[in-house]
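Predicted model, so just to flag it, every value in this text is computed and none were measured. Convention: sequence-line order gives letters A, B, ...; per-chain numbering from 1.
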There are 2 protein chains.
Amino acid sequence: MDKTSFRQHISSQFNAELEDVRQRVMAMGGLVEQQIVDATIALMDLDAGMAEQVNLNDFKINQLEVSIDEECSRILARRQPTASDLRLVYAVIKTITDLERIGDEAGKIARMAKDLASQERIHENMREVQHLSRQVSQMVRDALDAFARMDTDAALNVARQDRDVDREYEALLRQCITFMMEDPRTIGRVMDIIWCVRALERIGDHAKNISEYVVYFVKGKDIRHLSLEAAEKEITQG
Amino acid sequence: MDKTSFRQHISSQFNAELEDVRQRVMAMGGLVEQQIVDATIALMDLDAGMAEQVNLNDFKINQLEVSIDEECSRILARRQPTASDLRLVYAVIKTITDLERIGDEAGKIARMAKDLASQERIHENMREVQHLSRQVSQMVRDALDAFARMDTDAALNVARQDRDVDREYEALLRQCITFMMEDPRTIGRVMDIIWCVRALERIGDHAKNISEYVVYFVKGKDIRHLSLEAAEKEITQG
């Protein structure tokens, strides 16, 4: 094997490793998405068994986080990537932290569902909660799609959706507070719902973070802590 | 300059760079600690001016996060660190995310303080809230000390404190719910306090995360997602 083909061999192995990491992030993302969906079903149907399942599944997400981190640090040590390869690894390291925390938030919803399942049923604003859950699930899916295709426009769209989610969240919170004021006997149960709504809002924030890492990977620009308008400008400027 | 001294020169420059990153993490940590203290003062004294100041200072923490991330990715690209140097950079990348989020939580407390300052004063359980704030500030300080000295025993101690914080948090939450039930006119105000208590509990979680990265750096072992007992065993096993 001459030197060039040896180098190509190394480089194609390296590409395979990077591709493998990307695939595993997508797999972790898929699990996380499913956890949000299942936790929401548990909440809507007050299904304690489903809630329990969500909490049991959380370990898979944690395991993936640990193993992807190991793989990234192995790649950094052995392959010493630079430029866009390095940015990919960097984006992965950040992304999996947010995915793991989305998993935690789904776990919180499941725990609340279990608690609510043991109480008297209330119907007040569960439709709106379900709607918020669909919105943030969509954000997570879109953030992962943006990651898979490394598409900055799609990433920016996730950040845009976060504004709607925040508005929806505020409205739901006000509604919950009104319920509690009108009938203080509901306070315990409504507090459980408030924690679910809060968890959903946090999931939206984490999806937004992931979309920001996509922009960092593609453009090499750090748009965290920028306003949406400033971020849009950064991206269109090339 | 012969080859050896050239290599030494490179290596001492590299050490200086690593030391600089460490120093900047400590500086970021110092700012974050101050934000918790100031946000708590704003909350206890219902001082809207102080609360405003906390929110204005948040950008400094965000800036540090962005610039430390830039420095880490520069070090990875140019120095291609391995072994414990790589683990340090890895621990820094993870740590600053948690520090930035502690800053966000302090910002939330400050916003609640501003909201409460415009309302009728309540005294119910503010002493307990202050106590919780002192506990989590101590956790953050201890986690940063553990980071500065790369001390796994100190790190493990932070994880131990998190249990007390969680207990305190649960008790405070129950107290808040009792207040709301006894006097539903307080619901709006008590909800503000609940968000502060929640933010403090989250700060404790982030401090615990930081202490886990210290263990990762020193021992090369990932103790996230382990029980406290399992983590203790991992560490003492060398």
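- For the pair B:Ile187/A:Phe179, no side-chain contact is recorded, criterion being any heavy-atom separation below 4.5 Å from C-beta on.
- Of the listed residues (A:Arg79, A:Arg185, A:Lys108), the one with the most heavy-atom contacts under 4.5 Å to chain B is A:Lys108.
- For the atom pair OG1 of A:Thr186 and CE of B:Met181, the computed distance is 8.0 Å after rounding to the nearest 0.5 Å.
- Residues B:Tyr90 and A:Leu76 have side chains in contact (heavy-atom distance under 4.5 Å, counting atoms from C-beta outward).
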Candidate pair A:Arg78 and B:Thr82, rule side chain to side chain contact (heavy atoms under 4.5 Å, CB included), full reasoning: CA-CA 8 Å; A:Arg78 285 205 202 146; B:Thr82 57; over 6 Å; no

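- Side-chain polar atoms of A:Glu65 and B:His225 form a donor-acceptor pair below 3.5 angstrom.
- Ranking A:Asp85, A:Asn62, A:Asp58 against chain B, the residue ahead of the rest is A:Asn62, based on heavy-atom pairs under 4.5 Å.
- Contacts with chain A were tallied for B:Glu100, B:Gln63, B:Arg87, B:Glu70; B:Glu100 has the most, counting heavy-atom pairs under 4.5 Å.
- Of the atoms belonging to B:Arg174, not a single heavy atom falls under 4.5 Å from chain A.
- Contacts with chain A were tallied for B:Ile177, B:Val66, B:Leu173, B:Val89; B:Val66 has the most, counting heavy-atom pairs under 4.5 Å.
- With a 4.5 angstrom heavy-atom cutoff, A:Leu226 does not touch chain B via any of its atoms.
- Proximity to chain A (any heavy atom under 4.5 Å) is shown, for B:Asp69, by both the backbone and the side chain.
- Look at A:Arg224 and B:Asp104 and you find no salt bridge, because none of the NZ, NE, NH1 or NH2 atoms lies under 4.0 Å from a carboxylate O.
- For B:Ile93, the parts sitting under 4.5 Å from any heavy atom of chain A are the backbone and the side chain alike.
- Among all heavy-atom pairs drawn from B:Ser73 and A:Leu86, the shortest one is O-CD2, 3.3 Å.
- With a threshold of 4.5 angstrom between heavy atoms, B:Arg202 approaches chain A through side-chain atoms but not through N, CA, C or O.
- There is no contact between A:Asp183 and chain B, counting heavy-atom distances below 4.5 Å.
- In this structure, A:Asp98 pairs ionically with B:Arg101, as a charged nitrogen and a carboxylate oxygen lie closer than 4.0 Å.
- A distance of 10.0 Å separates OG in B:Ser67 from CG in A:Asp222, rounded to the nearest 0.5 Å.
- Heavy atoms closer than 4.5 Å to chain A are found in the side chain of B:Ile96, but not in its backbone.
- Counting heavy atoms from C-beta outward, A:Met191 and B:Met191 have side chains that approach closer than 4.5 Å.
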